[in-house]
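All ligand and atom numbering here is 1-based and tracks the order in the structure.
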Amino acid sequence: MPLLDVKDLTLNFKVKEGWVHAVEDVTFSLEPGETMGLVGESGCGKTPLGYGITQLLPDNAYVKGGQVFFKGQEILKPSMKKDGRLDAYTSEMRNLRWDEISMIFQGAMNAFNPVYKVGDQIIEAVRIHKKVTKQEAMKRVVELYKLVGIPKDRINHYPHEYSGGMRQRAMIAMALVHNPSLIIADEPTTALDVIMQRRILTEINNIQKEFEMAMIIITHDVSVVANVADKICVMYAGRIMEYGKIKDVFKRSSNPYTQALFAGFPNLRGERVRLTSIPGNPPSLVVPPEGCRFHPRCKHAKEICQKEKPPFIELPSGQRSLCHFAHEVQDGGMGNE
Ligand SMILES: Nc1ncnc2c1ncn2[C@@H]1O[C@H](COP(=O)(O)OP(=O)(O)OP(=O)(O)O)[C@@H](O)[C@H]1O
Ligand SMILES: [Mg+2]
């Protein structure tokens, strides 16, 4: 049984102009201890998907379809509220947050309250969900600081006395407070320099192995995913474009969007290639393009792509691709028209 099973999840935001189709028919699963990279350009719906799974959606969010299962239990279905709106979170989820599923938020580095010591804020997080004494909670904080590599004399410092990297590690420590089985980390290292990024990701990976913790790492940086993930989910304009084992997708991508995204990242070990950015911009999600949402920017687009939503094609190599021409794209037989 997968740890997390997301089936056809569709989330919309209600805005003045209509609906923002932020997440559409998203399907993937995650095994215990597995890491999935969720990648895509800015604005493609990665954070809303993470919030949808953890049910931290704002008031104007509606679950329009789909289901989420965690350890076999259905934790999210649209019928939970009549019109698709959820309370802060469902009772199923209330029991899981922090203990089983925790989230590192995008920009979390700046989420500590500046007027309290960092250690005290983490102690609070320990004690909110567990009846333990302050001393016991402190013991856990010391353990966690060791785990994420912050000297323990830092526990009594204020957020402004921490470097960016240290604040980020402290946030990771906070997410680990109750040894969750799943962490959703939204851009956990984006604001940091490359060396610090590497160090933090290696630490997270070690912790994951030690505790068999699964992770969804949300990032627009493909190289981060290449280093840490088992699986990859490539998202564009609210839809999953390609999904599969990282080695399959990296070796032989079958989706023009994935290929275009990868072409923008350097490969340190491979041959030297010219980096290319994807021409154009991601579309408005209020009125997304008909057919394949990537067609206006796709160098392979044909007439059918403008009209019909592509099927999610399963390829012999293992991954799935939302493209009418997935086989041809994978074989390199589409030319550059
Ligand atoms: N509360 C909201 N109300 C209306 N629209 C929203 C809301 N939250 C997000 N959106 C819209 O949903 C779409 C996707 O969200 P978002 O930009 O957070 O995606 P993302 O992939 O996480 O991007 P980034 O890489 O910049 O973090 C965007 O068009 C955004 O404007
Ligand atoms: Mg985001």
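- Considering backbone and side-chain atoms together, Leu285 places no N or O closer than 3.5 Å to any N or O of ligand 1.
- Of the polar atoms of Pro48, none of the N or O atoms is found under 3.5 Å from an N or O of ligand 1, judged by distance alone.
- Ser29 and Asp5 are not linked by any side-chain donor-acceptor pair at a separation below 3.5 angstrom, with hydrogens and angles left out of the test.
- Using a 3.5 Å distance cut-off with no hydrogens or angles, the side chains of Ser317 and Asp248 do not pair a donor with an acceptor.
- Contact of the Val132 side chain with the Arg127 side chain is registered, since non-hydrogen atoms from C-beta on lie closer than 4.5 Å.
- For Glu41 and Arg297, the salt-bridge test passes: some basic side-chain N is under 4.0 Å from an acidic carboxylate O.
- Applying the 6.0 Å contact sphere to OH of Tyr116 captures no more than 12 heavy atoms from other residues, nucleotides or ligands.
- Heavy-atom separations between Gly40 and ligand 1 are all 4.0 Å or longer.
- The shortest contact between atom 27 (O) of ligand 1 and any protein heavy atom is with Gln106 NE2, 2.8 Å.
- Here the shortest heavy-atom distance to atom 25 (O) of ligand 1, taken over Lys46, His220, Lys16, belongs to Lys46.
- The nearest protein atom to atom 6 (C) of ligand 1, hydrogens excluded, is given as Phe13 CD1, 3.3 Å; this is a heavy-atom distance.
- The pair Lys146-Glu143 does not meet the salt-bridge criterion, since no charged nitrogen lies less than 4.0 angstrom from a carboxylate oxygen.
- Residues Asn205 and Gln208 have side chains that bring a donor and an acceptor to within less than 3.5 angstrom of each other.
- Relative orientation of the Tyr257 and Phe294 rings is perpendicular, given thresholds of 30° and 60° on the angle between their planes.
- For atom 31 (O) of ligand 1, the nearest protein heavy atom lies 4.0 Å away or farther.
- Between the side chain of Glu242 and the backbone N or O of Ser254, at least one donor-acceptor pair lies under 3.5 Å.
- For ligand 1, the atoms lying closer than 4.0 Å to a non-hydrogen atom of Val15 are 4 (C).
- Nearest protein heavy-atom neighbour of atom 28 (C) of ligand 1: Gly43 O, 4.0 Å.
- Atoms of ligand 1 lying under 4.0 Å from any heavy atom of Ala22, numbered from 1 in the order shown and given with element: 12 (O).
- Excluding water, every protein N/O/S atom under 2.8 Å from the Mg ion (ligand 2) is given here by residue and atom: Thr47 OG1, Gln106 OE1.
- Atoms of ligand 1 lying under 4.0 Å from any heavy atom of Thr47, numbered from 1 in the order shown and given with element: 18 (O), 20 (P), 22 (O), 27 (O).
- Every atom of ligand 1 with a heavy atom of Pro58 under 4.0 Å away is listed here by number and element: 1 (N).
- A cation-pi geometry, defined here as NZ or CZ lying under 6.0 Å from the six-membered ring centre and within 45° of its normal, does not hold between Lys231 and Phe28.
- Where the criterion is an N or O separation shorter than 3.5 Å, residue side chain and backbone included, Val20 fails it with respect to ligand 1.
- Defined by atom type and a distance below 3.5 Å, a donor-acceptor pair is missing between the side-chain atoms of Asn255 and Ser253.
- In this structure, atom 9 (C) of ligand 1 has a protein heavy-atom contact shorter than 4.0 Å.
- Each of Leu57, Val23, Asn12, Val68 was scored for a side chain to side chain contact (heavy atoms under 4.5 Å, CB included) with Val63, with one residue passing: Leu57.
- Those atoms of ligand 1 that come under 4.0 Å of a heavy atom in Gly45, given as number and element, are 14 (C), 19 (O), 20 (P), 21 (O).
- With respect to atom 26 (O) of ligand 1, the closest heavy atom belonging to the protein is Ser42 OG, 2.4 Å.
- Listed for the His157 side chain is no donor-acceptor partner under 3.5 Å among the backbone atoms of Arg154.
- Classification of the Tyr51-Phe105 ring pair by plane angle, with boundaries at 30° and 60°, yields perpendicular.
- Heavy atoms of Asn60 found under 4.0 angstrom from ligand 1 belong exclusively to the side chain.
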